[in-house]
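Throughout, numbering of the chain's residues begins at 1 and tracks the sequence.
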Amino acid sequence: MDAFCTWLGIFFVLNIISPGFSTCLLGCSCTNDYLGRSLLCMETSMGQIPENIPNDFTKIRIENCHLTEIPRGSFSQVHALEFLWLNFNEITLMHIKSLEGLANLTELRLQGNKLTSLPWTAFQSTPRLKILDLKHNRLDVLPEHALRHLPALTYLDLSFNQLRIVSKEVFTNWPLYQTAEKAWGKEGMVSNVVLALHDNPWSCDCRLKGFVEFIREVSPPIILMNSYLKCLGPASKAEKYFHEIQLKTCMEPVASVTEYNISLSLGANATLTCLVQARPLPSIQWMYPLKIIRGFSSTQTQIDEETITSQLVIPSVHLADRGIYTCMANNFIGNSSVSISLNIDSSNSAAPLPPPVPILSSDDSPHIDIRIAKQTIYGITLEWYAVTDNPADMWFTIHFGKYSSPKKEMIFIGPGINTYSVSDLLPATKYEVCVTLKNHPPREGQCIIFVTGSDISEMEQRERLIHIIVIVCAMVLAVPAGMYVCTTETRFGCMDHCMDFWKKRSRRGENAEGLERQNTFDSMQAASDEALCRDSEKPTKRRKSEDKSKGGSAAHLY
């Protein structure tokens, strides 16, 4: 017992003489100086911030240790910490609560890491932070309110990053900047605030106008470490310094054409030209009825800093190429579009020119059999067949949009084409798509309603859901009148009706094909309760030749 008491006494004495002497991390060194107790870890392969860091350090320096992230509360137990250096690691992620518990932190250095963004609200936990060193990272965005939670900051180094566009409001909204301006004007002497912003790939277009003006006018107490900021682009301003350039205010696109109506002979080559003025230069795309089926090449030529032309080339025009071609331009401010009508003259051709709009009286009721022939995770492919006197000469209109939207997008399809693909569908959305003769409103039996899966981020689940729904639709789409549709609003009680209907069809002579579809239906019914169907109330007559129908094959989707 006496020996134990003696050992315990020695332990307490040693702790008093050298606090924490046995608590330094393995592979690191610990020292004491006038700043307090320090932890130094250099070129170790720890890979992550240790969880057992003693709480009596005022300075921690972990460099070249292959750290990849700063998790939540990494140093929350080290309440006395004032200096934190994590330079030359491989940090790509910083948690929004990574600095919690560090109310006394005055200096944070993260030089030479791989940060592409920063959770600026993390600095709510460090109200006393004066020095923030972020040079030699990969930061490409500086939010407008990035410095809101740094009221005590006197040194900010953002040099050697990937910043291209920065708003001057980033600095004018900085509480310290606003306070310093008032103090400077009133007292004539305040602490200087040092900013380092050089060696970033600045894109000197209209979006940088306010920042360029801020840099030109900046004066004490704001001091630039290097005031010669240089443009990387665009080409007309590359390698020029901010004080050498004049930037204009941004402008939304204005698109125009010289010819709104173009007539060409059958087989001629067509070049449609669109002129757009905008600051900054916009992205341009062409939209036309047959784009998904026949994609034409387009080229762009920059005339000057704010003018660009786009040309759409259509080689050897066909009759089906007639229609409206729309040039669409957009930048971050807005968008603009202009349309060109292309007409094809077939007077020198042996083939007769089909009328642009089928000549039908209001009493005519052509039958259009529509089905979903294919589905993917992202969309569907429609296929239809029209019963008219001259089906080869018919133009069609696709009406497509959300089921709840009264106004649908219209796409015109030329003669001889009986398929159309819809892509980029939104998840958990109910859609309606109809096929009619050109410029005619949809009629009963010419529409399909379908529902997409619930979550675009869960790709496998979404594929399963949309697959089930489309199969149920395709099985009943062979009924052009009183068409059955899929919806998530009804329940499985209506499935019995669908099954009874399908069995009746099987007994009318489609036993083999019907059995195959029924088996598919049964297997799908148990797989999901999202595939539901209902029928409309008005029956109409079917096409006589439909017993050889294409509708059944739609059940075999892939």
Ring centres under 6.0 angstrom apart (Phe171, Phe214): yes
Ring centres under 6.0 angstrom apart (Phe242, Tyr228): no
Step-by-step side-chain contact (heavy atoms from CB on, under 4.5 Å) determination, Glu252 to Asn335: CA-CA 6 Å; Glu252 68 179 19; Asn335 57 72; over 6 Å; no
Ion pair Lys237/Glu305, N-O distance below 4.0 Å: yes
Residue pair Leu142, Trp120: steps toward the side-chain contact (heavy atoms from CB on, under 4.5 Å) verdict: CA-CA 9 Å; Leu142 200 58; Trp120 294 94; 3.4 Å; yes
Steps toward side-chain contact (heavy atoms from CB on, under 4.5 Å) verdict (Asn173, Leu147): CA-CA 8 Å; Asn173 290 337; Leu147 307 181; over 6 Å; no
Atom pair CD1 (Ile91) and CD (Glu69), whose distance is rounded to the nearest 0.5 Å: 9.5 Å
Separation of Lys230 NZ from Lys240 NZ (nearest 0.5 Å): 13.0 Å
Polar side-chain atom of Asn137 near backbone of Leu110 as donor-acceptor pair, under 3.5 Å: yes
Separation of Ser297 OG from Leu312 CG (nearest 0.5 Å): 7.0 Å
Spacing of CG belonging to Asn330 relative to CE belonging to Met328, to within rounding of 0.5 Å: 7.5 Å
Heavy-atom side-chain contact between Val170 and Phe211 under 4.5 Å: no
Sub-4.5 Å side-chain heavy-atom contact between Met251 and Cys206: no
For Ala255 against Ser336, the heavy-atom pair lying closest together: N-OG, 3.1 Å
Closest contact, heavy atoms only, Ala270 versus Leu264: CB-CD1, 3.2 Å
Minimum heavy-atom distance Leu158-Leu139, with the two atoms named: CD2-CD1, 3.9 Å
Flag side-chain contact, heavy atom, 4.5 Å: Trp174 against Leu195: yes
Leu224 vs Val218, side-chain contact (heavy atoms from CB on, under 4.5 Å): CA-CA, chis, key distance, verdict: CA-CA 8 Å; Leu224 291 176; Val218 71; 3.7 Å; yes
Side-chain touch Leu247/Leu208, heavy atoms, less than 4.5 angstrom: yes
Nearest-0.5 Å distance, CG of residue Leu93 to NZ of residue Lys114: 14.0 Å
Backbone of Arg207 reached by a side-chain donor or acceptor of Asp205 within 3.5 Å: yes
Whether Asp321 side chain and Val317 backbone form a donor-acceptor pair below 3.5 Å: no
Evaluation steps, ring-ring contact (aromatic ring centres under 6.0 Å, His included), between Tyr288 and Phe296: CA-CA 10 Å; Tyr288 45 91; Phe296 304 123; 5.3 Å; yes
Side-chain donor-acceptor pair present, Ser339, Thr326, cut-off under 3.5 Å: yes
Thr397 and His440: CA distance, side-chain angles, deciding distance, side chain to side chain donor-acceptor pair (under 3.5 Å) verdict: CA-CA 8 Å; Thr397 302; His440 283 245; over 6 Å; no
Of all pairs that satisfy side chain to side chain donor-acceptor pair (under 3.5 Å), the ones with a partner from residues 268-282, not counting sequence neighbours: Thr273-Gln311, Arg279-Glu306
Minimum side-chain heavy-atom gap Tyr431-Lys402 below 4.5 Å: yes
Donor-acceptor pair, side chain of Ser405 and main chain of Tyr403, under 3.5 angstrom: no
Pro280 side chain near Phe332 side chain, heavy-atom distance below 4.5 Å: yes
Row check, Phe400 ring normal vs Lys408 NZ/CZ: under 6.0 Å, within 45°: no
Pairwise side-chain contact, Ile284 with Ile308, heavy-atom cut-off 4.5 Å (strictly under): yes
Any Leu229 side-chain heavy atom under 4.5 Å of His198 side chain: yes
Donor-acceptor contact below 3.5 Å, side chain Lys168 vs main chain Val212: no
Distance, nearest 0.5 Å, that separates CD1 of Ile340 from CD1 of Ile262: 5.0 Å
Backbone N/O of Leu163 and side chain of Asn161: donor-acceptor pair under 3.5 Å: no
Shortest non-hydrogen contact between Val276 and Cys327, atoms and distance: CG2-SG, 4.5 Å
